[in-house]
Structures are given as structure tokens and as C-alpha cells.
Q: 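Please find one structure pasted underneath; my questions will follow.
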There are 2 protein chains.
Amino acid sequence: MENKELCLVCQDFSSGYHYGIPSCNGCKTFFRRTVMKKQKFVCQFDQNCPVDKSIRCACRFCRFEKCLKVGMDQSALQASRDPIGYTKRTKKPERRPMKEISSDESSNESPERQITPTRSFENTLNLLAVREKSANELRLSSYLPKRSLKQALCSKPLLNDPIFMNKHASRSPRHNYDNLRFITQDDYHYWHERDWFVLTEYAKTFNIFKNMSYHDKTELVRHAAIVIPVLNQVYNSPDHGLDTVVFPDGTYYDRTHEPTRPAGLNRKKYQVLDLVLKPFREMEVNFNEFSAFKAITFLNPDADVSLETKAAINEERVTITKHLYSYMVQKDGLEKAIYRFGRLILMGTTMSKMACESKEAVWIADFFENIGFTSFAKELIFGDN
Amino acid sequence: MENKELCLVCQDFSSGYHYGIPSCNGCKTFFRRTVMKKQKFVCQFDQNCPVDKSIRCACRFCRFEKCLKVGMDQSALQASRDPIGYTKRTKKPERRPMKEISSDESSNESPERQITPTRSFENTLNLLAVREKSANELRLSSYLPKRSLKQALCSKPLLNDPIFMNKHASRSPRHNYDNLRFITQDDYHYWHERDWFVLTEYAKTFNIFKNMSYHDKTELVRHAAIVIPVLNQVYNSPDHGLDTVVFPDGTYYDRTHEPTRPAGLNRKKYQVLDLVLKPFREMEVNFNEFSAFKAITFLNPDADVSLETKAAINEERVTITKHLYSYMVQKDGLEKAIYRFGRLILMGTTMSKMACESKEAVWIADFFENIGFTSFAKELIFGDN
DNA sequence: TCTATAGGGTCAAAGGTCTG
DNA sequence: ACAGACCTTTGACCCTATAG
């Protein structure tokens, strides 16, 4: 710090010898980067710009020339090394960068893209949350049309139709989660019908869904037919302990064995409680996270759809996953977010398993014999031939 | 200075014998430091990076591996010398009084002190990569014992037994991926047997597995019985295009319809090509990422294991997932890492679907009738009753 | 005692990382 | 995207213990 040498390039205090000559940190790094990236600069003037501490960044061409002139040695550069990871200790008060990134992204967004708009995670998650809210309103209403699967999938979308929603989607007085009583077969039946109806409307709100062939639409909805209702039922159930799922009309089930139901369905009950309800409660999944997770679960490329549709679905769900992660980091901080995110996304395998098992012939047959299916349900589960 | 020996690690001129072999100053110091600080490195590629004078710093994992391979002897490191007895500035004691004090201070510190803690993801991922490498060596060997599932799961683990591995796990000359020919039923059968054998040994290397009940062990392995072999087959297949999977003995399958096989198996072939091979190739999944993904796939709490085991498995796979994420961020940068990570982890749903479908009665029956199962395979797929 | 060898330590100068 | 402060790693060079 006393009689230090000066940088031969810019006359700043040198930080030692670099590439053969005394030089400062800035000129050292500038030289390395320039040689490594083989950058070529152009001088705006006469190739004799002054280079000193105050204006060393003004002309990169002349700065690099000066580096060479005072004897910096290119051959002193080495081959790339193994990356060494983070070098700075973690800082605590850093919620701002997320914010900045998100506002940057939204200001960069191009207005003409419409199919998969690149918005900030806030916009994406917000869109999903709004969709989820509407879907739940419809679920809590008493509206339940009788229609075929084809009618359901090809008719006008209802969820984003404010006139329809205003008129028919007000909450039924029966759906206030009070008057608890144990669930019966008829109640199961009623809520399956409602949840399947809402599922078809939910599906139609995805732009990506509108562009699919009819075959792909039915396959995707069919694949989601068990798990999406389960997610609705579990997430919206008020907390009566880890063993109880309550439906909006106050009917509930718990671990009580129901001997009149097939073994497969009793087993599924335990799966739902252990593998969905419990993790949701433990992780304190919030509404935005649930909305995104449900969309990721719905957009499952494992359904028997065309390869193009698989690819499109996958892109969409990866995008949502990215935004969900950004949101969680902003909300929980890095460490906690990685844990919660990993845990939540890995629940996808459980969802996948349930979706798959619901197709097992034995299970379906049980189900079919014990619940009087409507023709809609038969189409949904078995296909229309 | 001319007839000097060369460093066995990097071919630079050796500065004498160090730790048992002729080696250069750099490799000598690198080896000492790595052992002393117990550093664990992770290879960014496939653990076979070249190591020579010009690029010896490019991959620290492979450099250290090479050190060990050419015979550097860890036991030649001496116990920590008495730092106080070491008088370093006998010649020029006046040069840097400030420095001297500070370095004395630092030399009084315990050598175990973690000034730069090695990032934990390196240890975790490295462990998984080493495990994967051994498993693949066993897979490429010709060792294939006849034993029951119980014997397989309860016998002594082989993968981390260096004596066994040295003796029996050398690569079979038949398993060199050349001599391509279309696969037959017998070949399928052979590779299923091999992959199932390796799977049982792979499973036993997980500490978490050792602590499970026998029932949980079989369920977990059973749940992995289809997907883990698929991952092995796909990842290790040399690239002959997106339609071809090559086994180590040169047998291959592609999209050719095989009419002698049941429809379910032909369908599965397409699934493997479209949903596993293609994404792996597109994402350029590297060895570390594959090792971690395979472990996450194996540790699937959806298997029919006890609730305690489910919870333990889930914790473990969430931990691996976190470390995988950290690794990918370090390797790819934030933006790219989030995309690749999301895409890779979401492939878990596909794995789950395959695992589940493999249990479908119809599918299994097809499979069973067309491939002569050994009793081991029957146990694995159907259980032992 | 002397000398060659092979341990360990040092620090200038490489390269990598991250924030503004 | 670039600049440069700040971080880690490398290895030529040094000191020291020990065997012959």
C-alpha cells in the first residue's frame, strides 16, 4: 500500500505483475477477457486515444493496443480451468434482484406473441391463480349441465365468460362446508360429476388445449380425470385434521374403512390422505402454488396424445414450473424454496401414479360396478369407441 | 535437464518421485492439497476427461482420479507437522513483518477448519456418480449369479466391495457395443436378467435401503424393475440416432414393429424412444445428472412401502434433487439450469407412469407368456407369496 | 557430516465469480 | 453486456526431515 508500482497500461496502482508487467486488476481482467474471447475492437478515432486510470474504458481498441505495447504477454494465458463455484459468502437481504429480473422480463416482452407469452412469473402465476379461482367458483355453484363429453369439450368455454359466471356461478347455499356428515355413495357420485364438469371447463381455458385435436383433448382430460378432482377435493378441504377430507356440502370421508366400497377405492383414500393431503398441509402450499401445481399436473405429456401435442404440453408445463420456482424463491428465499419446490414437483410422480392406476381394468371395473356411472362418466373413463 | 522422467499424471517433466511415482510439481501439490483438504470434485462430463500438461487443470475430478490410477499413494502424506516448529523465514526475517504475523496466526489454526467449505452438492453428486460408474462396470461384466430375490437382496453388497469388483467386474469382451445386430427374444431376456441383477446390487448401495424391512426392499426394487433398466439401456446406448437403442453386446432395437412381441411391448418401445431417449439427447444430460436422476427415480415413495419408509425415501430424494439443482446452476447458470432442471425432474412423471403400467395385469401377462421368465424374475414382478 | 530425495509450506500470479 | 473488486487455485520455489 506504500510505494506500489503503477499499472503500465493506465497508471492506476498495480496489483502485481500480470501477464509480464505491473498492472492493475482492471487491465489484467480486460486483457484476459479480450484474448480469451478473441474480441476485435474498432477505434472510433485515430487509434491514438489516451489510456489512463480515468478514461481507460473509453476506447477498448486503444486500451488493448496499449496492453500489447507495454508488453502484456498473450502466451501467459492458460487453458480454461475447472469451475470453482461461488466465491462470495451468501448475503441475506437480497429480495430485490428477483423483483428486478421480473420487471426486466416484463418490459422486454414482445406484445405480439400470444400462444406462449413470455411474461414475468408474477403474470403467469397470476393468470393461473385467476383461472383457479374461477374454476373453484364454478365448483361451488349448483350449475351442472347434462351433456356428452364431446359437447363438454367442444362447447363455448364458460369460465372466462363473465356473463355466464355472473349468472350461474354464484355459490350454492348448500356448499358452505358446514353440516358435516359422513359421505355416501350418492355423495361421491355427485362430487365426481361436479368435478368432472369443472375439469372440462378448466381444460378449455388453456390456449394450448384449444389448438389440440379432439382426440388429444379427450385423452388429456381422461388422463386428468382422477387426479384433478383429487387435488380440488384435498386443497379446498377445510382443516379437520390429517385424516379427513371435507367436500363443500359438508360430506366427508376419513380413514374409516367403508366395506361397501371396493378395496381399490379404500386403498385410494389412504393414498390421497397420506400422499396428497399430508404433504400439502406440511408444506403449507399457498393458493398460487396450488394453482401452478394443478396446472402442471393437468398438462401431463404422458397422456396418449400425439407427439406434437406431447411436446407442446411439455414446453408449457416446463414454463409454468420455471415461473413457480421463481415465485417460490422470491417468497421463501433460496434455501427454503429449493426444498419446497423439489418436494412439490416430486409429488408429480404420485399424481402420475394415481392417474395411471385409475386406468387399471380391475380398479375401473370395481368402480364401475359400485357407482352408477352416467354416460358422460363412461365416455370420460372408457372412451367413446 | 534432458533425460528427465515424465510425470505419470500429466506427461510434464517430472521433478522427482512424489507419493510413489515420478510426477511434476503441479500434480504433486495438487494431490497433497486434495487429500489434505479432503476435497471432492465433480466431473462436468463423463469422468473420462484427458489429463495432460496443457489441460491438467480443466477437470479436477479426472486429474485426481488419474493421480490415483497411476499409483499416487495417499498414505505417503505425513501427519500434520508441528506448525510452530516450522521456521520459514530464516533467510529474510525483515521482509514482511505484517505478513509474517498474519501467516503465523493462520498457521496456528486447526487444519480441520473449514475456511472454504466444500459445497455439499459435490459430495452427494459425486457419491452418486461413483455408484453409477460401479454399477455400469458390473453391468458390462459377464458376472451373473443365479439366486433368488431374497438371496439377492439379503446377501453381501458387491458394488462397494473392491475385491469382488476387481475380480469379477471387468468388462466382458462381448460387451463393447459393436457387432450390431437386431435384438431377439433371447437377447431381451439376457439383458433383463443382467439389468435386474445390477438393480439389486445398485439398491443395496443406498444406506436408506439397508435399513428397510425385507417387504419394503422388495416393493421398492419391484417398483423400479422396469424403469431403472430402461434408464440404463437408454443412457448407455451409443448414439445411432433417435430411433435406436443399442445394448452393450451390440444387439439393438428401433421402431421396427416386432410382430412376435405383444402389442404392449411394442408400445413401450415407442414410449422409451419418444419419452426417454429423445429428451436425454436433446437436453444433453451428462453423467452426473444421469446418476442423480436415476437415484431420484429409484427412490420413489409411490412404491407400496410402509409410511415411515415412504417418508424416509422422500426426504432422501428431495435432498438429491436439491443437490442436483445446485449442481446444474453451477454448471449451466441460473436461466438455463432452471429450464433443464424442470424438464428433467418432470420426466419423473413419465418414469412413474412406466413403473405403474408395468404392473398392469394384462401387460404383465403378455410379457410373461412371451419371455421365459426365470424364477427370479417371477419373484421380482409378481412377489413371492 | 554431508548430500540427495521427498516430504510440507509459501505466495505471486494465474483463473473464476459476482455486483454494479 | 461489460468492468473490475474480490475470490480461489495453481505451481515454481523454498525449507526441512531423513536415509544412506
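In what follows, chains carry the letters A, B, and so on, assigned in the order in which the sequence lines appear, proteins first and then strands, with residues in each chain numbered from 1.
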Q: Any donor-acceptor pair under 3.5 Å joining the side chain of B/R33 to the base of D/dG11?
A: yes

Q: Do we get A/R63 above A/F30's six-membered ring, with its NZ or CZ under 6.0 Å from the centre and within 45° of the axis?
A: yes

Q: Using only side-chain N and O atoms of A/R56, determine if any of them is under 4.0 Å from OP1 or OP2 of D/dG4.
A: yes

Q: Does the gap between the ring centers of B/F45 and B/F287 come in under 6.0 Å?
A: no

Q: A/K28 side chain: which of D/dG11, C/dG8, C/dG15 is closest?
A: C/dG15

Q: In terms of the nearest nucleotide of DNA chain C, which residue is placed more toward the 5' end: A/N25 or A/Y17?
A: A/Y17

Q: Does B/R60 have a side-chain nitrogen or oxygen under 4.0 Å from the phosphate oxygens OP1 or OP2 of C/dG15?
A: no

Q: Go through C/dG7, D/dG4, C/dG15 for me and flag the one nearest to the A/R81 side chain.
A: C/dG15

Q: Whole Å only: how far is the CZ atom of B/F31 from the C1' atom of D/dT9?
A: 18 Å

Q: Report the residue from A/N286, A/D332, A/N126 that forms a side chain to side chain donor-acceptor pair (under 3.5 Å) with A/Y327.
A: A/N286

Q: Run the salt-bridge test on A/R56 and A/D12 with the 4.0 Å N-O cut-off and return the result as yes or no.
A: yes

Q: Please determine, for the side chain of B/Y19, which listed nucleotide (C/dG15, C/dG7, D/dA3) has the closest atom?
A: C/dG7

